[in-house]
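Here the structure is laid out as structure tokens; the discussion comes afterwards.
What you see is a predicted model; the values in this text were computed from it and never measured. Nothing fancy with the numbering, it's 1 onward along the sequence. In each ligand, atom 1 is the first atom listed, and ligand 1 is the first ligand listed.
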Amino acid sequence: MSRTGVANSPHYADPDPRFPFPHSPTPTRCQTDPKLFDFANGDRTSDRAATEKRLAKARRACSGCPIVKDCLRWALVNKPLTKVGIFAATTPGQRTALRKRMVDRLGPDWIDVLADQDQARRERAAAARHNPLTISQARIVRLDREINGPMPKPLTPTQQQRNMARLMAGLKAA
Ligand code: SF4
């Protein structure tokens with residue numbers, strides 16, 4: 001099943017409607033080469049060397065993906081949809097560890113906390129469209145951009161490497 005299929009399939013648990021699968025400006029590698037990302041047997045198979053090679057290849061592909069950050073968020077939030085496979089360079093086991101860290105940071109209702117933050121961000125953006133920003137609102141918008149970054153665009157090779165290093169460091173710490 002393709003990645004698009006995972007997100008849309010009626011046979012899987014419903015995705016959380018508050019977190020739609022992120023839109024990519026270009027087709028992602030997991031859409032054009034879904035087999036590379038499917039690890040239906042868990043993190044390891046009997047042919048460990050071949051699995052490691054495939055894992056490394058999938059991680060490299062994710063590190064250059066324009067929606068890697070939102071993909072990881074989507075995968076963490078939608079646990080029933082991401083029991084298997086590589087999403088945002090993470091294995092199911094690594095995502096479980098990251099979910100535990102989210103509980104530590106934001107509490108057991110961390111998904112609701114994220115949804116509330118998103119809603120507040122959307123409301124601020126909508127208000128900014130209809131009313132001129134006050135100085136303090138403009139400050140909040142600027143801060144939001146600094147924290148969440150600009151609209152995704154294709155990454156340079158250097159950015160891809162940096163992304164990869166950050167992902168791996170984060171996962172090691174998990
Ligand atoms: S980060 Fe990886 S799994 Fe997620 S959309 Fe991009 S290529 Fe697919």
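Centroid-to-centroid, the aromatic rings of Phe19 and Trp74 stay 6.0 Å apart or farther.
The contact set between ligand 1 and Phe87, taken as ligand atoms under 4.0 Å from a residue heavy atom, comprises 3 (S). In the vicinity of Cys30, heavy-atom distances shorter than 4.0 Å reach the ligand 1 atoms 3 (S), 5 (S), 7 (S), 8 (Fe). Each of the following atoms of ligand 1 lies closer than 4.0 Å to a heavy atom of Cys71: 1 (S), 3 (S), 4 (Fe), 5 (S).
Between atom 6 (Fe) of ligand 1 and Cys65 there is an N/O/S contact shorter than 2.8 Å.
Note: the hydrophobic cluster containing Val113 does not contain Ile140 (ILVMFWY, side chain heavy atoms under 4.5 Å, direct or indirect links).
Side chain of Arg95 to main chain of Thr90: a donor-acceptor pair is present (N/O by atom type, distance under 3.5 Å, no hydrogens or angles).
Tested against Cys65, the residues Thr28, Asp70, Thr26 include a single side chain to side chain contact (heavy atoms under 4.5 Å, CB included) partner, Thr28.
A salt bridge links Asp144 with Arg121: the closest approach of a Lys/Arg side-chain nitrogen to an acidic carboxylate oxygen falls below 4.0 angstrom.
Within the 4.0 Å heavy-atom cutoff, Ala88 counts among the residues contacting ligand 1.
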